[in-house]
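Positions are given from 1, in the same order as the sequence printed here. In what follows, every heavy atom counts, from backbone to side chain, and hydrogens, waters and symmetry copies are set aside.
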Amino acid sequence: MMKKLKTILACCSVFALTSISAMAMDSNTLQNNPARYRVVSTQPDGIVYMDMDSVQAMQTRDLPSSIENISCTLYVEKYAKKIDAMAFQKNQLISQISEYKADIHANKVKETYQMDADFQKAYTADGNALDEKKDTLHIKNMKAFYMYAHRLIALPAQGTTTTNQKPVSI
């Protein structure tokens, strides 16, 4: 009887966790929660938000903290292809929101900055899933992107965000 109860509880927790992780993203959520979703970059074709609750950062203790790695979730609002007066009137400026799991790597001594961004999902501006949409993330100035992300992580936690944003030395 106890085994069955443990099995049922385990299954329920798995279903609960998968339903939480399957939540859709929409423009209102990104814009109305600036303590959690911070703008880390603006690109010619959209805006890049960093989910501050997903940030994990670590840096080495060598010559002064020369290597740093940041893992996080990024959301990119892509602008519509045609932006005219009617698009502004109907609030149709965003064509899609793309979600990425990103790893940002910086070697400050060699001044190299790179990012591995794995596409996860795409949504419409109001949060409906776009099943067939795949996208790649292109950052025009990776050094500036890294520097701003680094500064955001160094800020103290605000609002309801967690405190796992502090860099950890290894």
Compare every heavy atom of [Y] with every heavy atom of [X], then report the nearest pair and how far apart it is.
X	Y	answer
I97	D26	CD1-C, 3.5 Å
A24	G127	CB-O, 2.9 Å
A80	Q92	CB-O, 3.6 Å
K78	D45	NZ-OD2, 3.2 Å
A106	Y113	CB-CD2, 3.6 Å

If you define the side chain from C-beta out and look only at heavy atoms, does anything of [X] sit under 4.5 Å from [Y]?
X	Y	answer
T29	Y75	no
Y146	K108	yes
T124	L130	yes
V40	F145	yes
D135	V76	no
P44	K140	yes

Rounded distance (nearest 0.5 Å) linking atom [atom1] of [X] with atom [atom2] of [Y]:
X	Y	atom1	atom2	answer
Y37	L74	OH	CG	12.0 Å
D103	C72	CG	SG	8.0 Å
D126	I94	CG	CD1	12.0 Å
S27	Q96	OG	CD	11.0 Å
N141	S41	CG	OG	8.5 Å
I104	I139	CD1	CD1	8.5 Å

Out of the candidates E99, R36, R38, E77, only one should pair with Y49 under the side chain to side chain donor-acceptor pair (under 3.5 Å) rule; please name it.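 Only one of E99, R36, R38, E77 forms a side chain to side chain donor-acceptor pair (under 3.5 Å) with Y49, namely E77.
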
Run through D118, D116, T73 and flag the one making a side chain to side chain donor-acceptor pair (under 3.5 Å) with K101.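 Per the side chain to side chain donor-acceptor pair (under 3.5 Å) rule, the option paired with K101 is T73, out of D118, D116, T73.
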
Check this for me: F119, atom CZ, are more than 12 non-hydrogen atoms of other residues, nucleotides or ligands nearer than 6.0 Å?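 Atom CZ in F119 is crowded, with more than 12 foreign heavy atoms closer than 6.0 Å.
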
Same cluster or not: Y79 versus F88, using hydrophobic residues (I, L, V, M, F, W, Y) connected whenever any side-chain heavy atoms lie under 4.5 Å apart?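 Yes, same cluster.
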
Same apolar cluster: I70 and M115, side chain cutoff 4.5 Å: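 As far as the 4.5 Å side-chain criterion goes, M115 and I70 are connected within one cluster.
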
List the steps, then state whether side chain to side chain contact (heavy atoms under 4.5 Å, CB included) holds for K143 with E111. CA-CA 8 Å; K143 182 177 180 180; E111 292 192 33; 3.6 Å; yes

Pair T112-Q114, side-chain donor/acceptor within less than 3.5 Å: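 No.
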
Could you give me the CA-CA distance, side-chain angles and deciding distance for L152 and V55, then say whether side chain to side chain contact (heavy atoms under 4.5 Å, CB included) is met? CA-CA 10 Å; L152 284 178; V55 172; over 6 Å; no

